[in-house]
2 protein chains.
Amino acid sequence: MSSEELNTRTRILEATWKLLEQQPNKDVSMSAIARATGITRQAVYLHFASRTELMIATTEYVDEVKGLYQRMERIGAASSGIEMLEAYVDVWGNYIPEIYGIARALLRVKETDEAAAAAWFRCMDCLRDVSKQIIETLEQEDKLTNALSPPDAIDMLLVMLSIEQWELLTRDCGWSHQKYVNEMKKLLVQSFVS
Amino acid sequence: MSSEELNTRTRILEATWKLLEQQPNKDVSMSAIARATGITRQAVYLHFASRTELMIATTEYVDEVKGLYQRMERIGAASSGIEMLEAYVDVWGNYIPEIYGIARALLRVKETDEAAAAAWFRCMDCLRDVSKQIIETLEQEDKLTNALSPPDAIDMLLVMLSIEQWELLTRDCGWSHQKYVNEMKKLLVQSFVS
DNA sequence: TCTTCACTTGACATGGTGTCAAGTCTGGAT
DNA sequence: ATCCAGACTTGACACCATGTCAAGTGAAGA
């Protein structure tokens with residue numbers, strides 16, 4: 001039964017993803033998604049109960065396809081805190097542009113929808129774990145700055161590498177993606193390593 | 001003639017401001033603003049051509065009432081780059097919570113409206129000037145980190161003190177307003193001063 | 001052949017922005 | 001005293017979004 005059903009579902013997810021990548025700052029409508037999928041608007045609701053649910057599902061779909069967690073393994077393999085930090089910036093900094101469209105959409109929807117906020121914070125929690133791992137490694141090596149306590153350093157690292165921050169630097173300040181990665185590495189080492 | 005007219009206009013601006021402060025993450029509607037002002041929705045359009053225009057006018061109104069530029073004078077009066085940096089965090093960090101509601105609204109509207117984006121970037125340009133002044137002072141004192149070039153440092157300082165960053169730390173990480181100011185001062189000195 | 005499931009067609013409710021026309025009410029000028 | 005202009009109201013309408021419902025179609029499988 002579900003081969004065909006899954007197919008349509010996946011086609012909706014792909015269309016949503018594609019539209020969001022094309023116009024990350026527009027509110028892509030259910031009609032536009034249906035049109036891009038080649039079905040009616042009502043049919044979308046046969047697969048996703050609401051716009052929010054579709055956005056959450058698309059986020060999960062993209063995460064699955066793009067395999068962030070696999071890429072993150074590089075970080076644990078690094079042999080020092082500084083190397084971990086740099087690997088983090090590399091992996092994450094290269095990941096953001098690939099998921100920016102859907103991430104922006106989820107960020108917008110999160111403001112008014114609890115389920116979306118929960119989904120967003122689930123993602124944030126994963127990133128926080130990575131951040132924590134790095135700060136703790138730096139601390140064990142006695143290389144963590146004493147300007148910040150370890151818990152505060154975890155928060156700060158997370159926020160420094162947030163999508164919002166990336167957006168400000170690349171969109172508003174005109175930094176290239178490569179410049180973001182390079183400068184961010186330098187700044188983070190300067191900020192967190194004593 | 002305009003005493004009465006100005007009065008209603010100001011009442012609308014005050015109502016808009018108040019509603020946005022109460023619910024910074026909801027899209028306050030024109031009906032809600034009219035209701036809070038005690039006039040009809042249509043009457044609001046007699047004073048402001050569109051929702052965007054009202055948001056921009058409210059931003060300007062709040063800026064005028066709150067007098068950011070006056071407060072900023074403290075920064076120029078500081079006797080060293082580090083003191084300027086700390087004064088900036090003090091002034092700006094205490095300002096953000098007072099204007100957060102309308103700032104958030106303008107940020108939302110900026111995504112889809114060019115006029116709102118222009119208004120936003122006008123504000124950003126003022127802040128950039130302050131950021132530039134501080135980085136240049138640090139550079140003249142030979143105290144600027146060599147991890148970043150001066151122009152990049154200006155961008156980075158601006159982004160570190162962005163409303164988005166403040167929002168992440170105080171809302172998502174649960175930092176108190178005071179903690180934000182204290183930790184940010186320490187981190188910025190660590191990051192930008194060699 | 002009959003049923004089930006995915007999808008379509010077409011309608012409707014609700015709530016937002018923005019516009020229009022006609023009416024009311026008040027203060028000020030003649 | 002009257003008349004007028006300007007501020008505001010009333011009540012409509014267009015348009016577009018999300019979300020819901022009911023009835024119909026069409027094809028694959030039992």
Side-chain angles (χ1 to χ4, degrees), chain A residues 1-16 19-20 23-58 102 104-106 108-117 119, chain B residues 1-16 19-20 22-58 102 104-117 119:
Chain A
M1 56 181 175
S2 8
S3 130
E4 204 52 40
E5 196 243 321
L6 258 181
N7 232 335
T8 301
R9 195 189 137 95
T10 307
R11 274 167 51 219
I12 297 171
L13 291 171
E14 286 281 347
T16 306
L19 285 177
L20 286 171
Q23 25 192 321
N25 295 309
K26 286 234 193 314
D27 270 329
V28 172
S29 72
M30 294 297 265
S31 322
I33 290 165
R35 210 178 311 126
T37 311
I39 57 176
T40 58
R41 188 173 68 88
Q42 288 78 348
V44 179
Y45 286 98
L46 296 176
H47 297 272
F48 305 95
S50 67
R51 195 174 177 282
T52 297
E53 198 171 285
L54 173 54
M55 292 302 154
I56 294 173
T58 306
I102 176 63
R104 199 83 213 61
L106 194 61
R108 265 195 304 274
V109 119
K110 149 182 180 273
E111 298 301 324
T112 50
D113 188 291
E114 246 179 79
Chain B
M1 58 178 180
S2 10
S3 131
E4 202 53 39
E5 198 241 321
L6 260 180
N7 231 334
T8 301
R9 196 188 136 94
T10 307
R11 275 166 50 217
I12 296 171
L13 291 170
E14 285 281 348
T16 306
L19 284 177
L20 286 171
Q22 281 168 9
Q23 25 192 320
N25 295 309
K26 285 235 193 312
D27 270 328
V28 172
S29 72
M30 294 298 264
S31 323
I33 289 165
R35 210 178 311 127
T37 311
I39 58 176
T40 59
R41 187 172 70 88
Q42 288 79 345
V44 178
Y45 285 98
L46 296 177
H47 296 271
F48 304 95
S50 68
R51 194 173 177 280
T52 296
E53 198 171 285
L54 173 54
M55 292 302 154
I56 294 172
T58 306
I102 176 63
R104 199 82 216 61
L106 195 61
L107 263 171
R108 264 195 305 273
V109 121
K110 149 183 180 271
E111 298 301 324
T112 50
D113 188 291
E114 246 180 77

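Just so it is clear, the model here is predicted, and its values are computed rather than measured. Side chains are part of it too, since the values below use all heavy atoms of this structure and drop only hydrogens, waters and symmetry mates. Per chain, numbering begins at 1; letters A, B, ... match sequence-line order.
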If you restrict it to nitrogen or oxygen atoms, what contacts under 3.5 Å exist between nucleotides 17-20 of chain D and the protein, and what is each distance?
from	atom 1	to	atom 2	distance (Å)
D/dT18	OP1	A/M30	N	3.1
D/dT18	OP1	A/R51	NE	3.3
D/dT18	OP2	A/M30	N	3.3
D/dG19	OP2	A/Y45	OH	3.3
D/dG19	OP2	A/R51	N	2.8
D/dG19	N7	A/R41	NH1	2.8
D/dG19	O6	A/R41	NH2	2.8

Between the protein and nucleotides 24-29 of chain D, list every N/O to N/O distance that falls short of 3.5 Å.
none

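Side-chain contact between B/I12 and B/L54 is present, with at least one heavy-atom pair separated by less than 4.5 Å. Between B/T112 and A/K26, the closest side-chain pair of non-hydrogen atoms is not below 4.5 Å. Contact annotation: the side chain of A/L20 never approaches that of A/R104 to less than 4.5 Å [non-hydrogen atoms, C-beta and beyond].
In this view, A/E111 and B/R171 satisfy the side-chain hydrogen bond (donor to acceptor under 3.5 Å, both in side chains) rule, not counting sequence neighbours. Every residue was checked against the side-chain hydrogen bond (donor to acceptor under 3.5 Å, both in side chains) condition with B/Q23, not counting sequence neighbours, and none meets it. For B/E53, there are no salt bridge (Lys or Arg N to Asp or Glu O under 4.0 Å) partners, not counting sequence neighbours.
Listed pair B/H47 / D/dC8 meets the phosphate criterion, a side-chain N or O lying under 4.0 Å from OP1 or OP2.
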Show which side-chain atoms of residues 30-45 of chain A pair as donor or acceptor with protein atoms under 3.5 Å away, not counting sequence neighbours.
from	atom 1	to	atom 2	distance (Å)
A/T37	OG1	A/I33	O	2.7
A/T40	OG1	A/A43	N	3.4

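The CZ-C1' distance, from A/R9 to C/dC5, rounds to 17 Å in whole Å. Atom C1' of nucleotide C/dG16 and atom CD1 of B/I33 are separated by 12 Å, given to the nearest angstrom. Distance, B/I39 CD1 to D/dT10 P: 12 Å, rounded to whole Å. As rounded to whole Å, 16 Å separates atom C1' of D/dG6 from atom CG of B/N7. Put simply, NZ on A/K26 is 15 Å from C1' on D/dC16, counting in whole angstrom units. Nucleotide C/dG18 holds its P atom 10 Å from the CG atom of B/L54, rounded to whole Å.
Listed for the B/R108 side chain is no donor-acceptor partner under 3.5 Å among the backbone atoms of A/R108.
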